[in-house]
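Worksheet for the structure shown next.
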Amino acid sequence: MKVLQSYIAQTVQHLYSLTDVSIEIQHTRKEFEGQYTLLCFPLTKFVKKSPEQIAQEIGEYLLKNNTYIQKFNVVKGFLNLSLKDTYWKEVIFEELHKNPDFGRLDIGKGKKILIEFCSPNTNKPLHLGHLRNLLLGDSMANILAFCGYEVIRTNLYNDRGAHICKSMLAWQKFAQGKTPQSTHTKGDYFVVEYYIMAENILKEQTTFLLEKWQNNDFGQVSPEIITKYKELVDKLRQVENSPKKDTKKITQLKDEIKELAQTQTEWFKAVQDMLAQWEAGNPEIIALWKQMNAWVYEGFERTYQQLHIRFDRYDYESQTYLLGKELVKQGLEKSIFYQKEDGSVWIDLSQEKLDQKLVLRSNGTSVYITQDMGTAVQRHEQLNLHQSIYVVASEQDYHFKVLIAILKKMGYEWASRLYHLSYGMVYLPTGRMKTREGNVVDIDALLTEMYQVAQKTTQELGKTEGLSAQELEHLYHELALSAIKYYLLKVDPQKDMIFNPEESIDFHGNTGTYLQYTYARIQGIFRKAQEKELLHYQSADTKNYQNVHDTERNLLIYLYRFEEVVKQSAEQYSPALVANYVYELCRLYANFHHEVVILHDSNPDAIAFRVQLNAVCARIIKKSLELLGLTPLDRM
RNA sequence: GCACUCAUAGCUCAGCUGGAUAGAGCAACUGCCUUCUAAGCAGUAGGUCACAGGUUCGAAUCCUGUUGAGUGUACCA
């Protein structure tokens with residue numbers, strides 16, 4: 001396409017003496033004859049002729065002067081060009097066939113890039129939301145590495161804070177020394193039981209307290225809290241009694257009241273007390289904290305292994321949450337931040353339309369954003385990074401806008417290269433997942449279920465003769481993974497999506513299974529070739545092959561786009577582009593496979609060409625699958 | 001209230017960043033296993049690209065407004 005573009009640029013220069021015009025070429029739509037189409041409309045601005053006339057003139061010139069042009073036709077302002085078989089064989093096929101690394105780029109050569117993904121709390125098993133995060137991060141890392149970047153994969157564990165103390169406190173009070181080992185439970189599932197216990201106690205105590213408050217029984221509650229409570233209740237009444245019922249506002253106010261009551265419960269105070277002890281370094285608390293987190297990490301590791309996802313490093317919030325305070329101090333001196341009377345520190349981002357933002361509490365402790373500032377600066381200084389990518393849910397769009405704006409204001413030149421790879425929510429057909437309501441799909445359970453479906457379907461089809469039990473197990477697991485991974489990755493990251501469990505286990509149509517099936521068929525051809533002793537065709541000369549079939553040409557054109565797709569997916573941070581590409585490629589292969597017989601033909605040149613084309617397809621599909629984090633399967 | 005994101009077939013999603021008659025899969029219907037894997041292929045049916053304006057040779061795509069949905073919103077992480 002680039003070659004063609006330069007030919008046309010020369011033509012335009014020769015015919016109209018124009019140099020700096022954009023030459024717009026695209027692939028010809030199926031309904032029309034030809035493979036490439038030049039849009040002549042843009043040229044009408046410079047040449048005082050109709051687009052049809054320009055198309056005709058360029059077409060005639062190219063036909064006369066370019067060896068690869070076979071014929072052309074003009075529809076309105078579209079110049080459709082058909083290229084000779086020699087072009088497909090000698091230019092396109094040659095490059096695809098001779099370059100075993102086709103698609104690999106060096107746009108990231110010498111650049112170090114850090115990608116942070118997953119970043120879970122250490123109090124519950126990983127669920128569907130984490131899965132989308134993990135898959136996006138993993139695939140993005142693969143794609144960037146394929147583009148030449150030195151990629152560092154990191155996972156930031158949210159391992160401290162009140163939410164962690166909740167499960168610790170519940171364990172301390174109720175576990176009677178039980179452990180994951182003693183109960184034969186996976187660590188993350190073990191810990192979440194205590195987290196849920198803690199949440200329930202908090203809920204019970206809150207409800208109890210609210211009932212008392214409604215009857216004006218405030219006990220020892222401080223006057224400020226009482227006034228605040230009464231204010232909120234008044235507001236709620238106003239909204240409820242106003243003619244247009246703002247349900248969103250009502251639930252918001254109700255939540256605020258609940259939160260207020262929560263802070264007055266015994267349980268909440270005990271949690272806060274534990275957090276304070278943790279921060280003070282109480283050895284007993286620290287030991288418990290380490291123990292419980294270790295259980296969770298062990299559980300997480302098993303899930304990562306199942307998914308074939310690895311990290312190069314782990315960051316722990318407990319080690320980074322104090323970072324950033326020094327930066328605030330420096331920024332205060334440079335008047336990037338300002339201090340209020342109560343001692344809290346703020347930044348004014350109203351010029352960026354992001355309002356005022358707190359960066360240090362009045363008691364001098366840091367908030368979430370302070371920590372992120374510190375972590376970003378530390379990473380860039382220690383690792384000499386070119387860029388950082390944060391794979392984090394779209395709920396935090398605002399947070400990352402603020403973070404990047406602050407770092408820019410502080411004068412870090414790399415701040416403009418921080419990128420928030422924001423991905424949309426994963427909903428169930430029944431709505432949003434909520435731990436409390438128990439409609440959470442967690443990764444382990446999903447994998448188990450998919451494994452069973454893969455097993456059942458495979459057994460019903462009965463095509464796995466001769467495979468050992470171990471090989472079968474591998475097959476089922478990889479099929480299950482392929483289905484899930486592709487299902488989540490094919491959707492544009494930034495869009496919210498609905499995860500329909502029934503649809504995701506469907507193995508027909510636009511699915512990961514289909515991709516694997518296509519790949520397995522390709523490999524099947526090579527097995528057959530070996531059986532029939534036809535493998536010598538792999539290195540045979542294809543120069544004499546005439547009459548390239550339509551399906552072959554379509555494959556060549558599409559295979560050749562792989563490089564462009566890789567580049568785009570890296571630039572747009574979207575594995576979905578690779579996913580959709582490889583699906584379309586598999587469809588074209590199925591087409592080819594259906595239309596021509598690869599291993600039987602009266603013409604040996606045809607067999608040679610097709611066997612070699614088959615090999616190129618195998619390579620590009622394999623690479624695409626790997627970029628998405630799927631393990632290509634030779635048989636299924 | 002304000003900010004950001006989204007709206008395409010009954011459902012789930014594409015649509016190469018402004019190009020031709022908007023594409024797949026699922027679900028429904030019809031064909032195709034005596035040649036390389038039928039987890040497949042071919043076909044039928046299904047659309048006011050939320051709505052209304054604007055920009056221009058040309059708009060699902062860009063701009064403005066309206067409606068609807070989601071998310072966030074100053075001492076939680």
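Not measured: the values here are computed from a predicted model. Numbers restart at 1 for each chain; the letters A, B, ... are given by sequence-line order, proteins then strands.
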**Prompt:** Picking from A:Y36, A:F41, A:F72, A:F32, what satisfies ring pair (Phe, Tyr, Trp, His ring centres under 6.0 Å) with A:F78?
**Reply:** A:F41
**Message:** Taking the C1' atom in each of B:A20 and B:U35, what is the distance between them to the nearest angstrom?
**Reply:** 40 Å
**Asked** Base, sugar-phosphate alone, or nothing: which one does A:K76 contact when heavy atoms must sit under 4.0 Å apart?
**Response** sugar-phosphate
**Fill in**
As its Watson-Crick or G-U partner within any shown strand, both distances under 3.5 Å, B:U48 has none
**Asked** Planes under 30° and centres closer than 5.5 Å, is that true for A:W346 with the base of B:A74?
**Response** no
**Asked** Should we count NZ of A:K269 as having more than 12 external heavy atoms under 6.0 Å?
**Response** yes
**Prompt:** OP1 or OP2 of B:A14 less than 4.0 angstrom from a side-chain nitrogen or oxygen of A:K495, does that happen here?
**Reply:** yes
**Message:** Taking any heavy-atom pair under 4.0 Å as a contact, classify A:M425: base, sugar-phosphate, or nothing.
**Reply:** nothing
**Message:** Restricting to non-hydrogen atoms, name the atom on A:C165 and the atom on A:M274 that form the minimum distance, rounded to 0.1 Å.
**Reply:** O-SD, 3.7 Å
**Request:** Give a yes/no answer on whether the side chain of A:H594 brings an N or O atom under 4.0 Å of OP1 or OP2 in B:G40.
**Result:** no
**Message:** Taking any heavy-atom pair under 4.0 Å as a contact, classify A:V596: base, sugar-phosphate, or nothing.
**Reply:** base
**Message:** Nearest to the A:R521 side chain among B:G19, B:C16, B:U37, which nucleotide is it?
**Reply:** B:U37
**Request:** Determine if A:Y514 stacks with B:A39; use a centre-to-centre distance below 5.5 Å and an interplanar angle below 30° as the criteria.
**Result:** no
**Message:** Apply ring-ring contact (aromatic ring centres under 6.0 Å, His included) to residues A:Y427 and A:F499 and explain how you reach the verdict.
**Reply:** CA-CA 6 Å; A:Y427 295 103; A:F499 183 89; over 10 Å; no
**Message:** Checking base pairs now: Watson-Crick or wobble, both atom distances under 3.5 Å. What partners B:G53?
**Reply:** B:C63
**Asked** Are any of the side-chain nitrogens in A:K235 or A:E256 under 4.0 Å away from the carboxylate oxygens of its partner?
**Response** no
**Prompt:** Among the nucleotides B:A14, B:A24, B:U17, which one has an atom lying closest to any side-chain atom of A:Q572?
**Reply:** B:U17
**Message:** Tell me whether the NZ or CZ atom of A:R561 lies within the 45° cone about the ring axis of A:Y581 and under 6.0 Å from its centre.
**Reply:** no
**Message:** Just confirming the chi classification of B:U17, syn or anti, using 90° around 0 as the syn window.
**Reply:** syn
**Asked** Does a nitrogen or oxygen in the side chain of A:N510 sit under 4.0 Å from OP1 or OP2 of B:G23?
**Response** no
**Complementary nucleotide of B:U34, counting Watson-Crick and G-U pairs under 3.5 Å** = none
**Asked** Between A:T28 and A:T37, do the side chains contain an N or O donor and an N or O acceptor separated by less than 3.5 Å?
**Response** yes
**Request:** Just call it for A:H593: base, sugar-phosphate, or nothing, with non-hydrogen atoms closer than 4.0 Å on any strand.
**Result:** base
**Under 4.0 angstrom between A:R29 side-chain N/O and B:G23 OP1 or OP2** = yes
**Prompt:** Can you check ring-ring contact (aromatic ring centres under 6.0 Å, His included) on A:Y419 and A:Y390, steps first, answer last?
**Reply:** CA-CA 6 Å; A:Y419 185 78; A:Y390 297 84; 9.8 Å; no
**Message:** Against the six-membered ring of A:W346, is A:K357 placed for a cation-pi contact (under 6.0 Å from the centre, within 45° of the normal)?
**Reply:** no
**Item:** C1' spacing across the pair B:A59 / B:C51, given as an integer number of angstrom
**Value:** 16 Å
**Complete:** Re B:A3: Watson-Crick or G-U wobble partner, both distances kept under 3.5 Å, found to be B:U71
**Message:** Regarding A:I498, tell me which of base, sugar-phosphate or nothing describes its non-hydrogen contacts under 4.0 Å with the strands shown.
**Reply:** sugar-phosphate
**Message:** Taking any heavy-atom pair under 4.0 Å as a contact, classify A:Q568: base, sugar-phosphate, or nothing.
**Reply:** sugar-phosphate
**Message:** Between B:A14 and B:G23, how many Å separate the two C1' atoms, rounded to a whole number?
**Reply:** 7 Å
**Prompt:** Among B:C36, B:G25, B:U17, which is the nearest nucleotide to the side chain of A:Y583?
**Reply:** B:G25
**Prompt:** If we take the P atom in both B:U66 and B:A22, what is their distance in whole Å?
**Reply:** 31 Å
**Prompt:** OP1 or OP2 of B:C6 less than 4.0 angstrom from a side-chain nitrogen or oxygen of A:Q494, does that happen here?
**Reply:** yes
**Asked** Picking from B:G70, B:C41, B:A39, which would you name as closest to the side chain of A:A590?
**Response** B:C41
**Prompt:** Picking from B:G70, B:A39, B:C75, which would you name as closest to the side chain of A:H508?
**Reply:** B:A39
**Message:** What's A:V597 touching, base or sugar-phosphate or nothing? Going by heavy atoms closer than 4.0 Å.
**Reply:** base
**Prompt:** Could a donor-acceptor pair under 3.5 angstrom be found where the side chain of A:T37 meets the base of B:A20?
**Reply:** yes
**Request:** Would you indicate what A:N500 reaches in the nucleic acid, counting non-hydrogen atoms under 4.0 angstrom: base, sugar-phosphate, or nothing?
**Result:** nothing
**Request:** Ignoring backbone atoms, establish whether A:K463 has a side-chain N or O less than 4.0 Å from OP1 or OP2 of B:A39.
**Result:** yes
**Request:** Give the nucleotide from the list B:A77, B:C75, B:G15 with an atom nearest to the side chain of A:Y368.
**Result:** B:A77
**Prompt:** Would B:C13 be called syn or anti, given that syn covers angles within 90° of 0?
**Reply:** anti
**Request:** For A:N158, answer base if it contacts any base atom (sugar-phosphate contacts may also be present), sugar-phosphate if it contacts only those atoms, and nothing otherwise; contact means non-hydrogen atoms under 4.0 Å.
**Result:** sugar-phosphate
**Message:** Measuring only the C1' atom in each nucleotide, how far is B:G47 from B:G31? A whole number of Å is fine.
**Reply:** 26 Å
**Request:** Return the nearest nucleotide to the side chain of A:Y427; candidates are B:A20, B:C4, B:G70.
**Result:** B:G70
**Asked** Choosing from B:A77, B:A24, B:U37, which nucleotide comes nearest the side chain of A:E317?
**Response** B:A77
**Asked** Which value, in whole Å, describes the distance between the P atoms of nucleotides B:A3 and B:G65?
**Response** 10 Å
**Message:** Please determine whether any donor N or O and acceptor N or O are separated by less than 3.5 Å between the side chain of A:R527 and the base of B:C36.
**Reply:** no
**Message:** Within the 4.0 Å heavy-atom criterion, would you say A:D342 contacts the bases, only the backbone, or no part of the nucleic acid?
**Reply:** base
**Request:** Tell me the partner of B:G58, counting only Watson-Crick (N1-N3 plus N6-O4 or O6-N4) or G-U wobble (N1-O2 and O6-N3) with both under 3.5 Å; none if nothing fits.
**Result:** none
**Request:** Report yes if at least one side-chain N or O of A:R432 is closer than 4.0 Å to OP1 or OP2 of B:U71; otherwise report no.
**Result:** yes
**Message:** Rounding to an integer number of angstrom, what distance separates B:G19 and B:U61 when you compare their P atoms?
**Reply:** 11 Å
**Request:** Give one of base, sugar-phosphate or nothing for A:K401, where a contact means two heavy atoms less than 4.0 Å apart.
**Result:** sugar-phosphate
**Message:** For A:R160 and A:A454, find the nucleotide of RNA chain B closest to each by heavy atoms; which residue's nucleotide sits nearer the 5' end?
**Reply:** A:A454
**Request:** Check every strand shown and say whether A:Y517 touches a base, only sugar-phosphate, or nothing at a heavy-atom separation below 4.0 Å.
**Result:** base
**Message:** The side chain of A:K528 is closest to which nucleotide in this list: B:A39, B:C36, B:A74?
**Reply:** B:C36
**Asked** Reckon A:T44 touches a base, only the sugar-phosphate, or nothing at all at heavy-atom distances under 4.0 Å?
**Response** nothing
**Prompt:** What nucleotide, of B:C26, B:C36, B:G72, holds the atom closest to the side chain of A:E395?
**Reply:** B:G72
**Asked** Between the base of B:A20 and the side chain of A:N80, is there any donor-acceptor pair under 3.5 Å?
**Response** yes
**Asked** Are A:Y514 and A:H508 near enough that their ring centres are under 6.0 Å apart?
**Response** no
**Request:** Measure the distance between the ring centre of A:F78 and the centre of the six-membered base ring of B:A20, then answer whether it is under 5.5 Å with planes under 30°.
**Result:** yes
**Request:** With C1' as the reference atom in both, quote the distance from B:A52 to B:A7 in angstrom, rounded to an integer.
**Result:** 16 Å
**Asked** In Watson-Crick or G-U wobble terms, both distances under 3.5 Å, what is the partner of B:A9?
**Response** none
**Prompt:** Per the atom types in the model, does the base of B:U71 pair as donor or acceptor with the side chain of A:Q396 at under 3.5 Å?
**Reply:** no
